[in-house]
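So the structure is just underneath, and the comments pick up after that.
Everything numeric here is computed off the predicted structure, so don't read it as measured data.
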Amino acid sequence: MKTVINIKATILILVMVCSLISCNKFYSNRKLIGRYYLQHNKFGKSICYRVDDDGNCVELVNGAFGKIGFDDNYIIVERSKNEYLIIIIYKQINYFPEKGILGPFNLKDFNKQKTTLNIKADFNIDTN
């Protein structure tokens with residue numbers, strides 16, 4: 001009798017574990033500013049621009065990036081230790097937000113652009 005109960009308990013535990021593994025529990029959708037979102041899902045992470053109120057997004061930056069930051073006008077992205085992007089924040093709906101991506105820049109040129117564009121943002125969000 002104990003063996004039957006142990007087998008049933010083991011099967012129940014296996015079913016529960018499989019259910020948890022199959023869930024997309026790693027999905028997150030964090031609003032950065034305006035229509036810009038940081039998304040994590042089973043395919044990786046991305047910065048996207050929401051083109052409608054149904055949640056459809058245009059992916060602007062995907063995969064390999066670490067720290068990001070933003071102010072009222074720009075999102076800054078550290079793709080690697082020596083590659084940086086600047087994303088212009090569109091205040092009005094825009095169907096081609098990818099045209100607002102500046103770079104890639106090395107650190108020296110990135111800092112020049114940051115000064116020229118008067119970007120106040122710092123890398124204060126670690127996406128890893």
Side-chain angles (χ1 to χ4, degrees):
M1 186 69 172
K2 282 188 174 184
T3 305
V4 172
I5 293 173
N6 286 340
I7 291 173
K8 286 182 180 180
T10 303
I11 291 172
L12 180 62
I13 290 170
L14 284 172
V15 168
M16 290 173 59
V17 168
C18 289
S19 295
L20 288 174
I21 290 172
S22 67
C23 290
N24 195 358
K25 63 182 178 177
F26 298 107
Y27 181 81
S28 70
N29 194 19
R30 177 181 176 184
K31 183 174 183 171
L32 297 174
I33 186 168
R35 294 183 158 280
Y36 296 84
Y37 287 79
L38 172 62
Q39 293 186 328
H40 283 91
N41 59 37
K42 62 185 175 183
F43 302 112
K45 61 185 172 183
S46 65
I47 297 172
C48 74
Y49 177 86
R50 208 170 256 180
V51 293
D52 59 30
D53 293 330
D54 294 329
N56 296 311
C57 282
V58 172
E59 195 171 86
L60 301 176
V61 181
N62 65 13
F65 61 91
K67 296 179 183 177
I68 63 173
F70 61 91
D71 61 18
D72 291 337
N73 300 305
Y74 301 96
I75 298 171
I76 56 174
V77 181
E78 180 186 62
R79 288 199 64 117
S80 67
K81 287 295 179 191
N82 199 32
E83 187 175 316
Y84 301 87
L85 300 173
I86 298 171
I87 301 171
I88 298 169
I89 294 176
Y90 291 110
K91 309 287 188 206
Q92 303 296 320
I93 191 141
N94 186 312
Y95 292 103
F96 301 99
E98 64 277 6
K99 292 183 178 184
I101 300 173
L102 309 176
F105 301 106
N106 62 34
L107 183 57
K108 182 180 175 184
D109 291 339
F110 170 75
N111 285 327
K112 282 182 189 176
Q113 283 294 321
K114 211 174 154 192
T115 301
T116 301
L117 297 171
N118 197 27
I119 298 174
K120 305 283 189 241
D122 290 316
F123 291 113
N124 55 4
I125 301 171
D126 191 350
T127 65
N128 293 320

field: Under the side-chain hydrogen bond (donor to acceptor under 3.5 Å, both in side chains) test, residues paired with N29 that sit two or more places apart
entry: Q39

task: For N118, enumerate each residue passing the side-chain hydrogen bond (donor to acceptor under 3.5 Å, both in side chains) test, keeping only those at least two apart in sequence or located in another chain.
output: K120

field: Listed partners of E78 passing side-chain hydrogen bond (donor to acceptor under 3.5 Å, both in side chains), at least two apart
entry: none

Results of side chain to side chain contact (heavy atoms under 4.5 Å, CB included) for K108 - residues two or more places apart only: N106, K112

With F70 via ring pair (Phe, Tyr, Trp, His ring centres under 6.0 Å) - residues at least two apart: none

query: If two hydrophobic side chains count as joined below 4.5 Å and joins carry through other members, does L85 share a cluster with L32?
result: yes

- request: Can you measure from CG (L38) to CD1 (I33) and round to the nearest 0.5 angstrom?
  value: 14.0 Å

query: Pairs in or reaching into residues 87-114: which pass ring-ring contact (aromatic ring centres under 6.0 Å, His included), with residues at least two apart or in two chains?
result: Y84-F110, F110-F123

- prompt: With sequence neighbours left out, which residue pairs that include part of residues 64-74 fulfil the side-chain hydrogen bond (donor to acceptor under 3.5 Å, both in side chains) condition?
  reply: N73-K91

- prompt: According to a 4.5 Å side-chain heavy-atom criterion applied to Ile, Leu, Val, Met, Phe, Trp and Tyr, with indirect links allowed, do Y36 and I88 form part of one hydrophobic cluster?
  reply: no

message: For K114, give me all partners under salt bridge (charged side-chain N to carboxylate O under 4.0 Å, His left out), at least two apart in sequence or on another chain.
response: D122

- prompt: In terms of hydrophobic clusters joined by side-chain contacts under 4.5 Å, are I87 and I76 together?
  reply: no

- request: Using the rule that two of Ile, Leu, Val, Met, Phe, Trp, Tyr join whenever any of their side-chain heavy atoms come within less than 4.5 Å, decide whether V61 and L102 are in one cluster.
  value: no

message: Test of understanding: with side chain to side chain contact (heavy atoms under 4.5 Å, CB included), list the residues that count as partners of N62, not counting sequence neighbours.
response: S46, E59

- prompt: Which atom pair, heavy atoms only, marks the closest approach of I47 to F65?
  reply: CG1-CZ, 3.9 Å

message: Just to verify, what does F43 make a side chain to side chain contact (heavy atoms under 4.5 Å, CB included) with, not counting sequence neighbours?
response: N41

message: Show the nearest heavy-atom pair for residues G69 and A121, with the distance to one decimal.
response: C-CB, 4.0 Å

field: Interatomic spacing from OG1 in T127 to NE2 in H40 - rounded to 0.5 Å
entry: 5.5 Å

task: Tell me, please, which residues at least two apart from R79 pass side-chain hydrogen bond (donor to acceptor under 3.5 Å, both in side chains).
output: none

query: Do you reckon I119 sits in the same ILVMFWY cluster as I125, going by side-chain contacts under 4.5 Å, direct or chained?
result: no

statement: Rounded to the nearest 0.5 Å, the CD1 atom of I93 sits from the CZ atom of R50 at a distance of 11.0 Å

- prompt: What pairs with D52 under side chain to side chain contact (heavy atoms under 4.5 Å, CB included), at least two apart in sequence or on another chain?
  reply: D54, N56

query: Considering only heavy atoms from C-beta outward, does the side chain of V77 approach that of E83 to under 4.5 Å?
result: no

message: To the closest 0.5 Å, what do you measure between CD1 (I68) and CD1 (I75)?
response: 7.0 Å

